[in-house]
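These notes are about the structure you will find just below.
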Amino acid sequence: MFHNKIPIFALQFKNFSKMGVLKRIKIKDVLDSGAVGSEVLIKGWVRFFRNNRFIVINDGSSINNIQAVADESVINAELIKKITVGASVAVTGKLVESQGSGQSVEIIASHVEVIGVADPEKYPLQPKKHSLEFLREIAHLRFRTNIFGAVTRVRHAMIFAVHEFFTKKGFVNIHTPIVTGSDCEGAGEMFRVSTLDAKNPPLKEDGSIDYSKDFFGRETNLTVSGQLEGELAALAMSDIYTFGPTFRAENSNTARHLAEFWMIEPEMAFYELTDNMDLAEEFLKYLLNYALENCIEDLQFLSKRQQEEEKNKPQDQRSMELIEKIKFVIDNDFARITYTEAIEILANSKPAKKNQFQYPIKGFGTDLQSEHERFLVEKHFKRPVILTDYPKEIKAFYMKQNQDGKTVRAMDILFPGIGEIVGGSQREESLEKLENRMKELNLPVDEMWWYMDTRRFGSVPHSGFGLGFERLMLFISGMGNIRDVIPFPRTPKNAEF
RNA sequence: UCCUCAGUAGCUCAGUUGGUUAGAGCGGCGGACUGUUAAUCCGUAGGUCGUAGGUUCAAGUCCUACCUGAGGAGCCA
C-alpha cells in the first residue's frame, strides 16, 4: 500500500539479483506492475487449487490473489497431491494476460515447488465462508483469510498514519511505563504485577501481603492509561503523544471491550478545550482519509463483507455503506454540544416523551447511557458528536473545573455504531483546585507528588485525549466485534495464543 | 457481572408433541476431468449430540448445575 506503481523496466531490473538469480516479488507488486512478459518468482500460500491446473496464491501483500497455470509437464501426479489449500509454494513463470475472466493477469508456471505441505485432513481452513467465531478459535491461522488479511493491512496503515500525523505536527512520541505504581489513574480495575509466591506471599504483622518484599518494593499494576506520565512530558516538550498497550481488568463482555488494547494519548501544553477538540477532529479525519487513500481495495472488500453480513437485517438496521460512511465523517463537521444541552435535547426527544428510554433522563447529573448516546449520534445529529462540560461528579479528578462549580472541561467524541471513541479533557492546572478535588475524592495526594509538581512549577493550561485504537479499527473496517480487529484478543476467560 | 439465546460430523446447519438404525451441504478420502473462478461429475468414510447429574419403559429432545460462545446491558477507550 506504500508502493507506487513500478514501471516495467524497473520491475525487470529489480527482478534479478546481482548474480542474475530471479528474486521473489510480492504479489501486490506483480499485479501493480502490469509487467506482462516478465519472468517472475512468487512465493505464498495456496488459496485454491482447481482442475489440477490452476493454483491460486496469496502472500498477504494484497487482498488480490495471483493465479498460476501449471501444465502436466510442470507438475506431476506426485506434486499435485502436495498442492493443497494452505500449502506454501514458490512459482516461477512468465506473467501473461489471462485467458480466463476472473483475473487480468496470471503466471504461466515453468517451475512449481511446494515449500511446506498442509495436510488437508487436518488443515482447518476450507475454501468457503467460515464464521468469525470459528476463526477466532484459530486466531493463529486466520491471517490467511481475506477478512483478516484486509483488517491486518488496514490496521498497519492506521498505525503508520497515527505516527505520520503527529510527526507532521511536531509532536514527540513518548513511551510511558507499562508497569505502574500509581493506583489512582481512575480508569477501572487493574492487573497486579508481582513476583511474590502466590501460594505463600510474605505477610505483614496484620496479616496483609507485604509488598515491600515484592520485585519493585511496592504494589504494582499494569497501566490503564499513560496520561499522567504523558502530562509530565507535555509540560516540557509542549506536544507529545503515546501509542501503547493498556490493560483493564474489568469483566466486560461486549463487542467493544478488550482487557488489553492499544490507546493513542496526545497531551498538549497551552491547549484549551476547543484546541483539544479541533485536534481530535482533525486527527480522526486524517486517519480516515489516509485509509481511503491507501487501503481502498481492502476497504472495498470489507464493505462487501459487511453488506453480505447485513443482507438479512431489515433495511433500517443496516449500516451505511463503509466507504460512503467514512467519506461522510470526513466531509462533515462534528456536532459540538455541552452535556447540559444534550440533556435538554434528550429530555425533549420523542423517545423520552414516549417513555422509550430504558434509563429515563432525570435532568442534570444523569449519566448518559448507550441508548442516549446512540440517539444523539444516530437519530438527532446523524453525525459524530462531541459532548463537553460534563458534571464533575461523573468525570475524573484531573479535569479542569469550570467557573460554574458544577462542570468540568471534558470532551467525549461519540461515533455512530461505536459509542465513545475519544475521551479527553482540559486538565486542571491549578495546584490548589487539583489538591482540593483529590482530597474530596480521597485520592492519595502525597503519593502523587510527582504529578503535583507539574502544577507547582511552571504550570500551564494543557489538554489531551485518549483514542481507543481498536474502536477506530471497528469504525474503519466495518467489523462488528472488537475481537476481530486485533490479532490476538485478550478478553475475560480468553488468553489463548 | 446481569438478561436472553445457542452448543449435533473438520466447517455451516436440519432433527416434529420425548419413540426404531441421528441427516444434508461444504470439506476430506478414492476416481474422472488440460481454461478453472468457493470448478464440476461419480463413489465413499466420518458423530460419547458441550460437561456432569437427574426425570422416564425410553432423552439430541424435558429438568438442574457448570463450561464455552453470541446478542443486549453495565463499566469504559
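Naming: A, B, ... by sequence-line order, numbering from 1 per chain.
Note on A/Glu267 versus A/Arg427: salt bridge recorded, some NZ/NE/NH1/NH2 to OD/OE distance being below 4.0 Å. The pair A/Arg409-A/Glu428 fails the salt-bridge criterion, with no side-chain N (NZ, NE, NH1 or NH2) lying under 4.0 Å from an Asp/Glu carboxylate O.
Note on A/Gln369: a side-chain N or O is less than 4.0 Å away from OP1 or OP2 of B/G74. Of the side-chain N and O atoms in A/Lys122, none sit less than 4.0 angstrom from OP1 or OP2 of B/G27.
Counting only residues at least two apart or on different chains, no side chain to side chain donor-acceptor pair (under 3.5 Å) pair has a member in residues 377-386 of chain A. Contacts classified as side chain to side chain donor-acceptor pair (under 3.5 Å) and involving residues 473-497 of chain A (residues at least two apart or in different chains) are given here: A/Arg136-A/Asp484, A/Arg142-A/Asp484. The ring-ring contact (aromatic ring centres under 6.0 Å, His included) pairs that include a residue from residues 53-100 of chain A number zero, where partners must be two or more places apart or lie in different chains.
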Anything under 3.5 Å between a donor and an acceptor, one on a side chain of residues 366-377 of chain A, the other on a protein residue two or more places apart or in another chain? List them.
{"unit_1": "A/Thr366", "atom_1": "OG1", "unit_2": "A/Lys362", "atom_2": "N", "d": "3.1"}
{"unit_1": "A/Thr366", "atom_1": "OG1", "unit_2": "A/Gly363", "atom_2": "O", "d": "2.7"}
{"unit_1": "A/Gln369", "atom_1": "NE2", "unit_2": "A/Asp367", "atom_2": "O", "d": "3.3"}
{"unit_1": "A/Glu371", "atom_1": "OE1", "unit_2": "A/Gln358", "atom_2": "N", "d": "2.9"}
{"unit_1": "A/Glu371", "atom_1": "OE2", "unit_2": "A/Gln358", "atom_2": "N", "d": "3.0"}
{"unit_1": "A/Glu371", "atom_1": "OE2", "unit_2": "A/Tyr359", "atom_2": "N", "d": "2.7"}
{"unit_1": "A/His372", "atom_1": "ND1", "unit_2": "A/Gln369", "atom_2": "N", "d": "3.0"}
{"unit_1": "A/His372", "atom_1": "NE2", "unit_2": "A/Tyr359", "atom_2": "O", "d": "2.8"}

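Here the straight-line distance linking atom OG of A/Ser104 with atom CD1 of A/Ile66 works out to 8.5 Å at 0.5 Å rounding. Atom CG of A/Leu387 is separated from atom CG of A/Asp389 by 10.0 Å, given to the nearest 0.5 angstrom. Taking CD1 of A/Ile107 as the start and OG1 of A/Thr92 as the end, the distance is 8.5 Å to the nearest 0.5 Å.
Counted within 6.0 Å of CD on A/Glu440, heavy atoms from surrounding residues, nucleotides or ligands total more than 12; the atom is thus considered enclosed.
B/G30 and B/U21 are spaced 26 Å apart, taking the C1' atom of each and rounding to whole Å. Annotation: B/G60 and B/U48 have their C1' atoms spaced 12 Å apart (nearest Å). Distance check on atom C1': B/U56 versus B/C41 gives 49 Å, rounded to whole Å. If you take atom P in B/A6 and the same atom in B/G15, they sit 12 Å apart, rounded to whole Å. Look at the C1' atom in both B/A59 and B/U16: the space between them is 15 Å, to the nearest Å. Of the P atoms belonging to B/G35 and B/C13, the separation is 36 Å, rounded to the nearest Å. If you take atom C1' in B/U55 and the same atom in B/U64, they sit 11 Å apart, rounded to whole Å. Comparing B/G7 with B/U51, their C1' atoms sit 11 Å apart, to the nearest whole Å.
Spacing between atom CZ of A/Phe134 and atom C1' of B/U68 amounts to 15 Å, rounded to whole angstrom units. Between A/Asp119 atom CG and B/G10 atom P there is a gap of 15 Å when expressed in whole angstrom units. As rounded to whole Å, 12 Å separates atom P of B/G74 from atom CD of A/Glu420. Spacing between atom NE2 of A/His130 and atom P of B/A70 amounts to 18 Å, rounded to whole angstrom units. As rounded to whole Å, 13 Å separates atom C1' of B/G74 from atom NE2 of A/His372. One can place CD1 of A/Ile80 at 12 Å from P of B/G31, the figure rounded to the nearest angstrom. Remark: C1' of B/A77 and CD of A/Glu373 are 12 Å apart, rounded to the nearest angstrom. Rounding to whole angstrom units, CZ of residue A/Arg248 and P of B/C75 are separated by 14 Å.
The ring pair (Phe, Tyr, Trp, His ring centres under 6.0 Å) test applied to A/Phe171 returns A/Phe166, not counting sequence neighbours. Checked against ring pair (Phe, Tyr, Trp, His ring centres under 6.0 Å), A/His140 has the following partners two or more places apart in sequence or in another chain: A/Phe497. Taking A/Phe488 as the reference, A/Phe143 meet the ring pair (Phe, Tyr, Trp, His ring centres under 6.0 Å) condition, with sequence neighbours excluded. With sequence neighbours excluded, the residues satisfying ring pair (Phe, Tyr, Trp, His ring centres under 6.0 Å) with A/Phe334 are A/Phe415.
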Heavy-atom protein contacts under 4.0 Å, nucleotides 34-42 of chain B, coded B base, S sugar-phosphate only, - none: BBBBBB---
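Residue A/Glu133 is classed as a sugar-phosphate contact, given heavy-atom separations below 4.0 Å to backbone atoms only. Across all strands shown, A/Val85 has no heavy atoms under 4.0 Å from either base or sugar-phosphate atoms.
Using a 4.0 Å cutoff on non-hydrogen atoms, the parts of residues 251-258 of chain A near RNA chain B are A/Asn251, A/Ser252, A/Asn253, A/Thr254, A/Arg256, A/His257, A/Leu258, ordered by number. Sorted by residue number, the members of residues 483-493 of chain A with any non-hydrogen atom under 4.0 Å from RNA chain B read A/Arg483, A/Lys493.
Taking 3.5 Å as the limit, the base of B/G10 and the side chain of A/Gln126 contain a donor-acceptor pair of atoms between them.
Taking 4.5 Å as the limit, some side-chain heavy atom of A/Val114 sits within range of a side-chain heavy atom of A/Leu79.
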Dot-bracket pairing map - RNA chain B, Watson-Crick plus G-U, both contacts under 3.5 Å, | cross-strand: (((((((..((((.....[...)))).(((((.......))))).....(((((..]....))))))))))))....
